[in-house]
Amino acid sequence: MLEFLATALNGKLPEWISAVGALAAVLGVGFVWKQIKLTKEIAQLEFEDGLAKEYRELASRIPTKALLGAGLSPKEYKDTFDELFRYVDLSNEQISLRSRDRIRDETWSQWLQGIKFNMRLPAFHRAWMDIQKAVPTQFSELRDLLSPDFGDDPKVWKKEDLP
């Protein structure tokens with residue numbers, strides 16, 4: 001059938017058929033690009049959701065009264081210290097990921113509020129002080145975030161300022 005059509009048109013396809021083919025190719029590329037972008041956005045959301053889930057699981061093991069700002073008894077603090085340490089580690093990792101532009105602006109804004117809120121709570125603040133004494137060279141991203149010398153967005157910190 002195509003051979004007959006090509007012969008009937010003296011071997012030349014009308015220009016509009018070429019234009020339609022080119023348009024179809026452009027639309028196809030656009031569709032593929034949009035699918036790739038959507039897939040990347042979904043992967044990003046899943047990645048961030050995984051970290052949020054990790055925080056929720058960790059927070060579920062910290063006494064509620066510590067999360068509400070009440071102090072902990074010496075025994076409660078000792079029993080909770082491992083979870084508070086893990087919280088510091090998780091926060092430091094979140095900051096590090098943001099500094100490498102792996103966390104979206106909207107997500108970072110929420111995490112920043114949470115980190116600053118939690119670090120002001122007595123149990124978290126005490127744990128942070130104890131951790132800094134024990135391992136002063138670790139968790140530099142969190143130290144920088146809590147320092148007045150750095151801004152609230154690690155993504156814009158100068159690379160030479162980063163550990």
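In what follows, residues are counted from 1 in the order of the sequence shown. Just so it is clear, the model here is predicted, and its values are computed rather than measured.
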| Residues two or more places apart in sequence or in another chain: which of them pass salt bridge (charged side-chain N to carboxylate O under 4.0 Å, His left out) with R102? | none
| request: For E93, check salt bridge (charged side-chain N to carboxylate O under 4.0 Å, His left out) against everything at least two apart and list the hits. | output: R100
| said: Using the side-chain contact (heavy atoms from CB on, under 4.5 Å) definition, which of the options N92, V88, L142 pairs with I115? | reply: L142
| remark: With sequence neighbours left out, the residues meeting side-chain contact (heavy atoms from CB on, under 4.5 Å) with E54 are L51, L90
| field | Which residues share a side-chain hydrogen bond (donor to acceptor under 3.5 Å, both in side chains) with D49, sequence neighbours left out | value | none
| Set of residues satisfying side-chain contact (heavy atoms from CB on, under 4.5 Å) with respect to S147, sequence neighbours excluded | D149, F150
| request: Mind checking salt bridge (charged side-chain N to carboxylate O under 4.0 Å, His left out) for K40 and listing every partner two or more places apart, or none if nothing turns up? | output: none
All N/O donor-acceptor pairs, side-chain side in residues 70-79, below 3.5 Å, sequence neighbours left out:
| from | atom 1 | to | atom 2 | distance (Å) |
| --- | --- | --- | --- | --- |
| S73 | OG | E76 | N | 3.1 |
| S73 | OG | E76 | OE1 | 3.3 |
| K75 | NZ | D79 | OD2 | 2.7 |
| E76 | OE1 | K65 | NZ | 3.0 |
| E76 | OE1 | S73 | N | 2.8 |
| E76 | OE2 | K65 | NZ | 3.2 |
| Y77 | OH | A127 | N | 3.4 |
| Y77 | OH | D130 | OD2 | 2.6 |

| task | Identify, with sequence neighbours excluded, every residue that meets side-chain hydrogen bond (donor to acceptor under 3.5 Å, both in side chains) alongside R104. | result | E48, T107
| message | Any side-chain to backbone donor/acceptor pair from R120 onto G69? Under 3.5 Å, distance only. | response | no
| field | Residues that D82 engages under salt bridge (charged side-chain N to carboxylate O under 4.0 Å, His left out), provided they are two or more places apart | value | none
| Can you list the residues that meet the side-chain hydrogen bond (donor to acceptor under 3.5 Å, both in side chains) rule with D105, with sequence neighbours excluded? | R98, K155
| note | Joining Ile, Leu, Val, Met, Phe, Trp and Tyr whenever any side-chain heavy atoms lie under 4.5 Å apart, the cluster holding L38 also takes in I42
| Got a sec, which pairs hit ring-ring contact (aromatic ring centres under 6.0 Å, His included) with one end in residues 108-143, sequence neighbours left out? | F85-F139, Y87-F124
